[in-house]
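Computed from a predicted structure; not experimentally measured. All chains are named by letter (A, B, ...) in the order of the sequence lines, taking the proteins before the strands, and each is independently numbered beginning at 1.
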There are 4 protein chains.
Amino acid sequence: MGNAFGQLFRISTWGESHGGGVGVVLDGCPPCVRITAEEIQVELDRRRPGQSKIVTPRQEADQVEILSGVFEGKTLGTPIMMWVRNKDARPEAYAEMAVKFRPSHADFTYETKYGIRDPHGGGRSSARETVGRVAAGAIARKILQESYGVEIVAYVKQIQEIIAEISIDIVQREAVEANIVRCPDAAAAESMIERVESIRSAGDSVGGIVECVVRGAPVGWGSPVFDRLEADLAKAMLSLPACKGFDVGSGFESVSLTGLQHNDAFRSDEEGQVRTTTNRSGGVQGGISNGMPIYFRTVFKPTATVMHEQETVNQDFENTSLKGRGRHDPCVLPRAVPIVEAMTALVLMDHAMRDSAQCGG
Amino acid sequence: MGNAFGQLFRISTWGESHGGGVGVVLDGCPPCVRITAEEIQVELDRRRPGQSKIVTPRQEADQVEILSGVFEGKTLGTPIMMWVRNKDARPEAYAEMAVKFRPSHADFTYETKYGIRDPHGGGRSSARETVGRVAAGAIARKILQESYGVEIVAYVKQIQEIIAEISIDIVQREAVEANIVRCPDAAAAESMIERVESIRSAGDSVGGIVECVVRGAPVGWGSPVFDRLEADLAKAMLSLPACKGFDVGSGFESVSLTGLQHNDAFRSDEEGQVRTTTNRSGGVQGGISNGMPIYFRTVFKPTATVMHEQETVNQDFENTSLKGRGRHDPCVLPRAVPIVEAMTALVLMDHAMRDSAQCGG
Amino acid sequence: MGNAFGQLFRISTWGESHGGGVGVVLDGCPPCVRITAEEIQVELDRRRPGQSKIVTPRQEADQVEILSGVFEGKTLGTPIMMWVRNKDARPEAYAEMAVKFRPSHADFTYETKYGIRDPHGGGRSSARETVGRVAAGAIARKILQESYGVEIVAYVKQIQEIIAEISIDIVQREAVEANIVRCPDAAAAESMIERVESIRSAGDSVGGIVECVVRGAPVGWGSPVFDRLEADLAKAMLSLPACKGFDVGSGFESVSLTGLQHNDAFRSDEEGQVRTTTNRSGGVQGGISNGMPIYFRTVFKPTATVMHEQETVNQDFENTSLKGRGRHDPCVLPRAVPIVEAMTALVLMDHAMRDSAQCGG
Amino acid sequence: MGNAFGQLFRISTWGESHGGGVGVVLDGCPPCVRITAEEIQVELDRRRPGQSKIVTPRQEADQVEILSGVFEGKTLGTPIMMWVRNKDARPEAYAEMAVKFRPSHADFTYETKYGIRDPHGGGRSSARETVGRVAAGAIARKILQESYGVEIVAYVKQIQEIIAEISIDIVQREAVEANIVRCPDAAAAESMIERVESIRSAGDSVGGIVECVVRGAPVGWGSPVFDRLEADLAKAMLSLPACKGFDVGSGFESVSLTGLQHNDAFRSDEEGQVRTTTNRSGGVQGGISNGMPIYFRTVFKPTATVMHEQETVNQDFENTSLKGRGRHDPCVLPRAVPIVEAMTALVLMDHAMRDSAQCGG
């Protein structure tokens, strides 16, 4: 239960970190969209482990295979099944994990809820589950771009106290991809990379903030009440492993402002185009996009796997300790960037279709 | 579209700020639950306008009527329809609003998306829509308490720079209800009340942070992937009017910690009960409750209606200005407290039922 | 649970046969649709008891009230809440029913499943629950007619061995409404009316077949697999009280034909319009409308309430007997006609919106 | 859209008749259920082509692979992905079909709705799509049997005018499997086999009626209104390729009875067990199972592919003709039997979980 997302552009992901593979069924995709495995692979390559010295060295090719729903390079309007095989199983590395609960992982809750868990890694809590999201997100992204002119750019905004200076109005993917930490502020990026390397050397880990901006969304996506655009984005982000928070527009900083300071004045330009002079609303008003850039922040906690002895309990609920070993991802942030973009694309595509259904938009 | 929430314990709210009334249909409620209109009214009274000098003076009795689904004080297992009538219509107050878009309200987005809006106030974007949520939440809260021993307490944590000191382990509703700002730290409460009064006198408004803690939830509520408990809570909170952000456990503060600092060690006590020695996870690991208190924060922006002239555009997209007048809610925080609790109860009740369905929990 | 229908044009009905009233929340209705209470009342009047000598004499005005979602005669795109009050409660009539289970009613299953039931009548199993369906269906019908030119006509096709001769290509509502049994074959109608009167005099009841035809639906409504148009229609019909079966096109009669006899040949006319020369498919192929008239049959069993002593058990599961008394509906068929049309309209409207969302249709 | 079924025990099927394969993601399966690929294969083998002389000779091994959700023979509570590869592609056989619409197939509606279709066979309209349903149904069936003692038996009831005599109270799977037509009345079976062989020789096809009985379901599965057990069964059946109708209990035959004749009297036996003396209700009253055998009939039209020249149009909507060639399934009935059972199991399992969630059943 809970393995599907979206109402009309709907994905169902499947697969454990270990086992045959991980994948997704995308139902509801419009027909006649040109899409190739290569285009999807571009996004998966941004997500995969082993792409740089500051992320986990787990080597997986993660070559996507499309088994249905696409014919001669075009979508059929039928379910698109995409998957990557699991290749890198090293069961011996997991012997201790199989009997002890790793602190701040899902081992304890899975075992207690289900009475069973796959002891070879994190099962469905693994970041590997996000492969299917990114694959489906690549298709959503393409449709949004081609049919609506929507651009989605996410990047690392903060690691510890290092905060990047980035303009949401102009930041481009090229700048994001210019360095391995995916922070488009070059100076901040350098500091971040150093910091992550030093954290990794210490066998420790670190989290941070990913910011995402959407430019070009029309007025009218989103719903007034439960399915406000920001509510669906919040759910999308908090559904990501290690995500601990979300805010949109002025977000938590709005606490220091008064209404008069916070309100976004409407102004009409020469062409009669209505815009707001500021954008503390974050591009969403009353749950519906207002034509301004949509931007929001998500915070990811430091990875739970560290190379230190830590107190925990075993499967018999006896006190013991456990030391992380083997591969280790000191910072998920660079790999979180394409995942945040994918989830954003999925939310927007779903709302584009819902708006089309109800309002003919 | 988007006016329903929950999968098994499912609410559909209806009603505009002006019109016949506002209400809710609750589908999926377990049968034979004892519930009275009076118990529901208690929560509605905490939500309604006019209850103190620091909230909007709009006087509405908001007497709930139960039209179906309850027979001789017990639920039938059939849809429970509850509503309150709208009484306080003053159409003349809205003449200017009907032709000008209020800044940072939903007027512009509704009009553009739907090609129509109810000009008598905020329509579905009005805080009045939350009446149905609170009514249904009162039933969820009762079941959670009686069947599972779950306690839910929310309170005002911060207004501008005034931050309350509150222990999530012991805070009780009595302390929350002890003052009109619903902040259980008496000293901070006093400062907050002064601040809100001064803001109100200036015709301005202010936001703040509501924190919520859930104690007594068993291990096992929530799902691994998209319907993680924190994801559904995030969606629930961001679906509230004026909410701009959510974080759980360590939240945005996790950015400054390393993994070693952040991890929650498991320890078993004498009775073999597993607990974590810290609770930066916020009571949720891998999307599933781990038996520790669940706690999270939500930020509400300052109310958009202020008693000052502001720049905006009219329905013909011409530049103009608009001054708020009439009633004015300088701070939604005290009234947001019961609404946050209601949404929390709805999310938990839904997941309790889902766990029961799949895992027999 | 199970009190909502539709994915995009979605209704949630509420209310028991006794209690405050019965109604519906319609979510997802397109905005700016002109609709009045009077237009909805027309359909409700066709559904209500007491309209002729051959249906139940229960006198209810069933005046619809629209509490939300419509402003100055136009839909807002927000939830439309419509209801009728319950007026005709006669609790004393139900004293015996409260302790004995009526044969072939829902009393026994409700009591066993829920541990409780409203003893004043059938609760949610009452035909009164369909008020909300008919009200929402009236809106769907209007949109289908105005936006797509779709016509929906249902009528009584058979009562016992009396079978009407009706052409699905030309039958009109006027002919259906020309007599109280709603059978557009005047000769058959006369026999049917006589039959029902004679059955009523005997304190007995009778069922029959309602046929429904949809003309003007474009090619492309429906989905290939689970949400085939005929599957959603079948569910819609079997969700009606007393409905025991459904077939579409050639239906159960297809059992006697071979493939060669059954297949519908495609032919193109002078304008290049493709039609089939026969229509055994019933207007649906592969789950999707093919532009030909859609037609199907539904069978309603004889009403369970009869004025005779029948064997049953009481609430303590002891053998006893029970004799129906008071009002008595000898034949639900004439009143089922508008209900079948309403459910048909709801299914089609939902699929029209789904097609629009995915295929831009 | 429309490729998922079930609310809690939910399947999403994917795959075309041609392409990489066909499969299913099953979400919501309870954890710790023992299941093997071999158990699933048993049902798939009953469904696959080429198993006897009276069904299509298409030879496919249809070996199921389980890629996720099962660990060491037990379900994990996570999505179970199962699939079979496509092996038997003969694209040359489809050249003519690619440009001409086969009569009474989905070619025309798919092409018009989506603007594209997989020309190599029926795509999602192919009976091959049901592989995933049968695989997931095998798991549902096992849980129903082991946890609730529920037995599901379907069989061929009628082919043309040959009607089998079968007692729903005692019919067993062994008798069904005793002959290739899957009709447990040996004499009727013999006639049916002869008939199908003769039809096949004539290059023609034939349909028929499959009846299904469920024994051992407790009182209480199903919901009062839209999700009545019979409504969900009707949808499940009408979602099958070639299905044209469904009736439950007395079904269409109820038209000839009066209420007094039709009602099922309740009687309590020595143990205080309530049963009905007749079962015209078909085991369902008010949408909820009443503890009696549930039985229903489904009619399948004759297969559309016949080895004769038929009139049709081509992709340019010009009149032409087309003759079926190659493999040819003269009668889908024997293979429909396990599919009907699978869909029945899916509906019941879903309602068992829903009842457990709401009523603790």
Side-chain angles (χ1 to χ4, degrees), chain A residues 1-3 5 101 103-104 106 109 112-113 124-125 204-208 219-220 223-228 230-231 234-235 238-239 244-248 251-252 254-255 258-260 262-266 268 272 274 285-286 288 290 299 301-304 306 308 311-313 317 319 354 358, chain B residues 1-3 5 101 103-104 106 109 112-113 124-125 204-208 219-220 223-228 230-231 234-235 238-239 244-248 251-252 254-255 258-260 262-266 268 272 274 285-286 288 290 299 301-304 306 308 311-313 317 319 354 358:
Chain A
M1 226 177 290
N3 294 284
F5 186 80
F101 299 126
S104 288
T109 50
T112 307
K113 180 181 181 73
R124 292 289 285 163
S125 76
D204 210 342
S205 66
V206 70
V219 188
S223 279
V225 182
F226 298 107
D227 298 350
R228 287 167 195 259
E230 65 269 44
K235 172 160 177 154
L238 267 294
S239 80
K244 301 299 283 181
F246 166 93
D247 67 0
V248 59
F252 276 96
S254 68
V255 79
T258 70
L260 197 51
H262 190 274
N263 283 349
D264 294 318
F266 287 112
S268 186
V274 174
Q285 290 176 329
I288 297 169
N290 70 352
V299 61
K301 70 171 176 117
T303 331
V306 293
H308 293 263
E311 294 191 327
T312 191
V313 296
F317 289 5
N319 289 323
R354 291 169 66 172
Q358 190 183 14
Chain B
M1 226 177 288
N3 294 284
F5 187 80
F101 299 127
S104 288
T109 51
T112 308
K113 179 182 181 73
R124 292 289 286 164
S125 76
D204 210 341
S205 67
V206 70
V219 188
S223 280
V225 182
F226 297 107
D227 297 350
R228 287 167 195 259
E230 66 269 43
K235 172 159 176 156
L238 267 294
S239 80
K244 301 300 283 183
F246 167 92
D247 67 1
V248 58
F252 276 96
S254 68
V255 79
T258 70
L260 196 53
H262 191 275
N263 283 349
D264 295 319
F266 287 113
S268 186
V274 173
Q285 290 176 330
I288 297 168
N290 69 353
V299 61
K301 70 171 175 119
T303 330
V306 292
H308 293 262
E311 294 191 327
T312 191
V313 296
F317 289 6
N319 288 323
R354 291 169 66 172
Q358 189 184 15

Option that, when pairs with chain B are counted at under 4.5 Å, heavy atom only, ranks first among A/G220, A/S125, A/G286, A/G207: A/G220
Per-residue contact mode, B/D204 against chain A (heavy atom under 4.5 angstrom): side chain
Sidechain-backbone polar pair: B/S268 side chain, A/N319 backbone, donor-acceptor under 3.5 Å: no
Heavy-atom contact with chain A under 4.5 Å, split by part of B/T303: backbone
Heavy-atom pair count under 4.5 Å with chain B, highest-scoring of A/V306, A/V274, A/N3: A/V274
Segment of A/N290 engaging chain B (4.5 angstrom heavy-atom cut-off): both
Pairwise side-chain contact, A/D264 with B/P103, heavy-atom cut-off 4.5 Å (strictly under): no
Close side-chain approach of B/T258 to A/V206, heavy-atom, < 4.5 Å: no
Check: B/S239 and A/V225 side chains under 4.5 Å, non-hydrogen atoms: no
Spacing of B/Q358 atom CD and A/M1 atom CE [to the nearest 0.5 Å]: 4.0 Å
Qualifying residues under side chain to side chain donor-acceptor pair (under 3.5 Å), relative to B/K235, sequence neighbours excluded: A/D227, A/D232
Polar side-chain atom of A/T112 near backbone of B/V219 as donor-acceptor pair, under 3.5 Å: no
Gap between atom CZ of B/F101 and atom CZ of A/F266 - 0.5 Å precision: 7.5 Å
Non-hydrogen atoms of B/H262 and A/S104 that approach each other most closely: O-OG, 4.4 Å
Criterion side chain to side chain contact (heavy atoms under 4.5 Å, CB included) against A/K244, the qualifying member of B/D247, B/V255, B/V248: B/V248
Most contacts with chain B, counted as non-hydrogen pairs under 4.5 angstrom, among A/S254, A/G208, A/G272, A/A106: A/S254
Reported OG-to-CG distance for the pair B/S205 and A/L260, which is rounded to 0.5 angstrom: 8.0 Å
Pairs of heavy atoms under 4.5 Å with chain A: top-ranked of B/G245, B/G259, B/A265: B/G259
